[in-house]
Structure formats: structure tokens, C-alpha cells
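The structure under discussion appears below in the form of C-alpha cells.
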Amino acid sequence: YGTKQPVGWFDPYASWDSNKFKVINDPIDAQQQEGIRIVEGRSILKLGSTYIANSETFDVFPNTDYTIRAKINTLNLKPEEATANVAVTQANWQDFSGTAELYFTSGIQAGQDWADITYEFNTGNFNQIVILLQNWLDVNSDSSCDDYDGIPGCDIQGSSYFDQIEIRPVLEIQNNPINYAAPSCRV
């Protein structure tokens, strides 16, 4: 952690640098420099405005339901229409010239303190997946990052923060009718 480079995360398009994303592991620095608090554990991942953080590859069972959970903070992300997203996709997604065959995403709108997201997805025919963290601004739904000011480039500013990203298989709790639940610990 000396370089603040998160273990298991990389930039899918270029080499890593701390302006793109990094680990924040000091609660005092998080509060004084970022204006946020670390809510769980000892560290969080900070994602710069227009960058993508790509996780290492995860082995999964094909055609199986999973849940993904994460905590996201968007207090420092602008404009208010922007979102910070957690996506799940196939491991070789950047090799495709079109739409990925497996892609699920959920996010939190800009200006929010720590919020939890949870969603289910099915792995389809894939046995390997990755997680993508990305800030996005697409008000007109044309799949490109919006440009409000007329200067070429995406108009997202600031950063988002991620913590406790977890993927778990969904458990079948009843056979007829089939009913599923995310695993949990009961004391």
C-alpha cells in the first residue's frame, strides 16, 4: 500500500497512476483532504472523475445467480446528474468491439453520502467475470459521456469512493416455487 495502488485493481487502458484511482487508508486524511469519512474497515478506493478501475478476474460458476454489494460515496462527484457505478461483466470485455454479452450495473447519483447498493445477476455462459468501477454522465441515454460546456470531453468532475465490494452466490432456500436469498451470517 506504500504507493496507494489498490491490490487487484488496474486501469484497463493504460498504466496505473494515483490520479486515476487509489487507496485512502488514513481516516484523518479522508476527512481533511477529501471531506469524507471511512465508514467500514481501514481503507476505501477513490476513483477519479473519468477513469475506470477494472478488478482482477473472478472465477464463477456458469448460469448461476450471484449478488454484488458495495458501499458508494458520491459527495465529491459533479454535476448532480453524474453517477458512480459498479458493473459486472465478462472477463474479456475490452476485447469486444460492440456490446458485452454479460453486463449488469448499478450506481448512486452524485452528491450522496455513503449508500449501499445490492443487485443480482446471472453469469450466463461465462465462468470468469470482472468488476468495473466507473463514474458516468449520460443524461440523454446515448451511451457516451455528456459534454455540457462545448469543450470536447466528458464533463464529470471530482471523485467517488467505494468500499466493501462483495460478490456472493445466491442461495436457493425453497424448491417449489423456487425462492432465493443472498447469504448472510446469523448469530
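Throughout, numbering of the chain's residues begins at 1 and tracks the sequence.
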[X] side chain to [Y] main-chain N or O, any donor-acceptor pair under 3.5 Å?
X	Y	value
T74	G111	yes
N85	A87	no
S159	G48	no
T123	F61	yes

What is the minimum heavy-atom distance between [X] and [Y], and which atoms define it?
X	Y	answer
A84	N135	CB-OD1, 3.5 Å
T105	Y119	CA-OH, 3.7 Å
W9	F21	CB-CE1, 3.9 Å
F126	Q90	CZ-OE1, 3.5 Å
T67	E120	CG2-CG, 3.5 Å
V23	P6	CG2-CA, 3.6 Å

Parallel, tilted or perpendicular: rings of F121 and Y66 (30°, 60°) =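 Plane angle under 30°, so parallel.
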Using the rule that Ile, Leu, Val, Met, Phe, Trp and Tyr join whenever any side-chain heavy atoms are under 4.5 Å apart, tell me whether [X] and [Y] fall into a single cluster.
X	Y	result
V86	V60	yes
I28	I24	no
Y51	F162	yes
L45	F58	yes
I44	V7	no

What I'd like to find out is whether the side chain of [X] reaches to under 4.5 Å of the side chain of [Y], using heavy atoms alone.
X	Y	answer
N122	T64	no
L77	Q109	no
I52	L133	no
I68	I131	yes
I165	R69	no
I108	T83	no
D11	N54	no

Can you tell me how far CD of Q112 sits from OG of S160, rounded to the nearest 0.5 angstrom?
->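 Separation between the atoms: 12.5 Å.
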At what distance, to the nearest 0.5 angstrom, does NZ of K46 lie from NZ of K20?
-> 15.0 Å
Please identify each residue that fulfils side chain to side chain contact (heavy atoms under 4.5 Å, CB included) with N76, with sequence neighbours left out.
->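 Testing N76 for side chain to side chain contact (heavy atoms under 4.5 Å, CB included), a comparison that skips the adjacent residues, returns E34, I36, Y161.
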List in chain and number order the residues that pass side chain to side chain contact (heavy atoms under 4.5 Å, CB included) with Q33, two or more places apart in sequence or in another chain; answer none if no residue qualifies.
-> D29
Residues K78, E80: salt bridge by 4.0 Å N-O rule =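 Result for this pair is no, no salt bridge flagged.
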Sidechain N-carboxylate O distance under 4.0 Å for D113, R37 = yes
List the steps, then state whether side chain to side chain contact (heavy atoms under 4.5 Å, CB included) holds for I72 with I117.
-> CA-CA 8 Å; I72 304 174; I117 64 154; 4.1 Å; yes
Criterion side chain to side chain contact (heavy atoms under 4.5 Å, CB included) on N63 and N125, from CA distance to verdict = CA-CA 6 Å; N63 300 305; N125 294 323; 3.6 Å; yes
Pair T89-I129, side chain to side chain contact (heavy atoms under 4.5 Å, CB included): steps then yes or no | CA-CA 6 Å; T89 190; I129 60 170; over 6 Å; no
